[in-house]
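Beneath this line is the structure, given in structure tokens, with notes to follow.
Residue numbering restarts at 1 for every chain, and letters A, B, ... go by the order of the sequence lines. Both backbone and side-chain heavy atoms feed into the values below; hydrogens, waters and symmetry mates do not.
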There are 2 protein chains.
Amino acid sequence: MEKTGAISALAALAHELRIEIFRRLVKTGPEGLAAGALADVLGVRPNTLSNNLNVLAAAGLVRAAREGRSIRYFAEIDQMRALLGFLMEDCCGGDPALCQPMLAELSAPGGCSPTLTKDPDPT
Amino acid sequence: MEKTGAISALAALAHELRIEIFRRLVKTGPEGLAAGALADVLGVRPNTLSNNLNVLAAAGLVRAAREGRSIRYFAEIDQMRALLGFLMEDCCGGDPALCQPMLAELSAPGGCSPTLTKDPDPT
DNA sequence: TCCATAGTTCATGTATAATGGAAATGACTG
DNA sequence: CAGTCATTTCCATTATACATGAACTATGGA
């Protein structure tokens with residue numbers, strides 16, 4: 001991932017609602033979630049949600065697919081993995097060998113199956 | 001790391017100059033770099049640099065230490081690691097076991113020694 | 001074709017962020 | 001104590017991001 005893409009992904013996630021959207025989609029898993037259901041669950045207006053979904057989609061963090069009248073959204077886990085890889089380059093500075101294990105883990109596609117088991121957000 | 005801290009760290013890094021600042025400081029390593037030298041290397045005005053260093057410092061990503069007339073800045077690798085851990089919780093959704101190896105690696109302090117070997121930025 | 005449903009896009013007001021000049025602070029030197 | 005150097009803070013300007021109401025598009029059914 002190049003710097004430009006990483007910056008837009010970082011900016012996309014640096015937002016209370018958007019990071020929550022992404023989390024929900026990850027937890028929901030490969031089935032995805034319709035925009036309406038997402039708006040309902042998160043308690044936001046449909047146009048606000050749509051705008052923020054657009055930001056996430058532009059950053060490659062979510063994907064949309066029309067299904068009848070509704071539009072279903074999915075988290076793009078691979079893009080998150082790419083972002084993690086980018087940040088780890090910074091974290092590990094000049095000694096990439098130390099990050100290789102993590103990078104290998106991240107680059108294995110499908111390595112993270114979302115199965116909705118925990119909720120670290122008791123707000 | 002809680003959501004609020006993660007968001008401010010993400011916002012801090014979602015900026016061309018600031019991510020470059022952070023990278024330089026990581027590459028420089030534990031010796032750190034004086035604000036003037038940093039401004040010189042990055043080709044930015046001292047007040048612009050100072051403002052952006054403040055943003056990074058508020059997010060806990062850099063630390064400052066006065067040294068004579070100059071002020072030396074250091075990357076807070078542990079904060080970056082904490083951010084990576086936070087993001088990985090999202091990436092791995094409900095199956096944290098799959099991320100445990102990465103998280104263990106990240107949580108090992110000093111696991112990433114910056115020794116300035118590569119430069120993935122041929123701009 | 002007409003209507004209802006599901007979402008999106010547009011336009012707008014407002015809040016927040018970024019920039020850069022100028023002045024202020026803090027530290028060493030003579 | 002005056003002068004200089006390194007850096008920050010203050011302030012005004014400009015730019016960007018956000019949320020929202022209203023209008024629009026697309027789909028499916030009577």
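- Here the CG atom belonging to A/Leu17 is positioned 6.0 Å from the CG atom belonging to A/Leu42, to the nearest 0.5 angstrom.
- Taking only side-chain atoms of A/Asn52, from C-beta outward, the nucleotide of C/dT19, C/dG21, D/dA19 with the closest atom is D/dA19.
- Atom-to-atom, CD of B/Glu16 to C1' of C/dA17 comes out at 16 Å; the value is rounded to the nearest Å.
- Here the C1' atom of nucleotide C/dA6 and the CG atom of A/Leu49 are 12 Å apart, to the nearest Å.
- With rounding to whole Å, A/Arg72 atom CZ is found 10 Å from C/dG7 atom P.
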Under the criterion side chain to side chain contact (heavy atoms under 4.5 Å, CB included), I'd like the reasoning laid out for B/Ile7 against A/Leu13: C-alpha separation, chi angles, the key distance, then a yes or no. CA-CA 7 Å; B/Ile7 286 177; A/Leu13 293 172; over 6 Å; no
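- Residue contacts shown for A/Ala34 are limited to sugar-phosphate atoms, with no base heavy atom under 4.0 Å away.
- Distances shorter than 4.0 Å separate some side-chain N or O of A/His15 from OP1 or OP2 on D/dA19.
- Contact annotation: B/Thr48 reaches the phosphate of C/dG20 (side-chain N/O to OP1 or OP2, under 4.0 Å).
- Looking at B/Arg18 and B/Val55, their side chains come closer than 4.5 Å, going by heavy atoms from C-beta outward.
- Closest contact between the side chain of A/Asn51 and the listed nucleotides D/dT20, C/dA18, C/dA22 involves D/dT20.
- A salt bridge is defined here as a Lys NZ or Arg NE, NH1 or NH2 lying under 4.0 Å from an Asp or Glu carboxylate O, and A/Glu20 with B/Lys3 meets this definition.
- Residue B/Ser70 is classed as a sugar-phosphate contact, given heavy-atom separations below 4.0 Å to backbone atoms only.
- For D/dT7, neither phosphate oxygen OP1 nor OP2 lies less than 4.0 angstrom from any side-chain nitrogen or oxygen of B/Ser50.
- Closest approach of B/Val41 and B/Arg24 over heavy atoms only: CG1-NH1, 3.5 Å.
- Counting to the nearest Å, the P atom of C/dG7 and the CG atom of A/Leu42 are 13 Å from each other.
- Distance B/Ile71 CD1 to C/dT25 C1': 10 Å, rounded to the nearest Å.
- Contact annotation: B/Asn47 does not reach the phosphate of D/dT9 (side-chain N/O to OP1 or OP2, under 4.0 Å).
- With rounding to the nearest 0.5 Å, the separation of CG in B/Leu84 from CG in A/Leu87 is 5.5 Å.
- If you take CG of A/Leu56 and P of D/dC18, they are 11 Å apart, rounded to a whole angstrom.
- Closest-nucleotide positions on DNA chain D for B/Tyr73 and A/Ala14 were compared, and the one nearer the 5' end corresponds to B/Tyr73.
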Could you pull out the protein-nucleic contacts involving nucleotides 25-30 of chain D (nitrogen or oxygen on both sides, under 3.5 Å)?
unit_1, atom_1, unit_2, atom_2, d
D/dG28, O4', A/Arg69, NE, 3.3

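- Taking atom CG of residue A/Leu13 and atom P of nucleotide D/dA17, one finds them 15 Å apart after rounding to whole Å.
- The heavy-atom pair separating B/Val62 from B/Glu76 by the smallest distance is C-CG, 3.8 Å.
- Checking the phosphate oxygens (OP1, OP2) of C/dG21, a side-chain nitrogen or oxygen of B/Arg45 falls inside 4.0 Å.
- Between the CD1 atom of A/Ile7 and the C1' atom of C/dA18 there is a distance of 14 Å, rounded to whole Å.
- Mapped onto DNA chain C by nearest heavy atom, B/Leu17 and A/Ala35 fall at different nucleotides, with A/Ala35 at the one closer to the 5' end.
- Taking every heavy atom of both residues into account, A/Ser8 and A/Ala59 meet most closely at O-CB, 3.7 Å.
- Contacts of A/Arg18 with the nucleic acid, taken as non-hydrogen atoms under 4.0 Å apart, involve only primed sugar atoms and P, OP1 or OP2.
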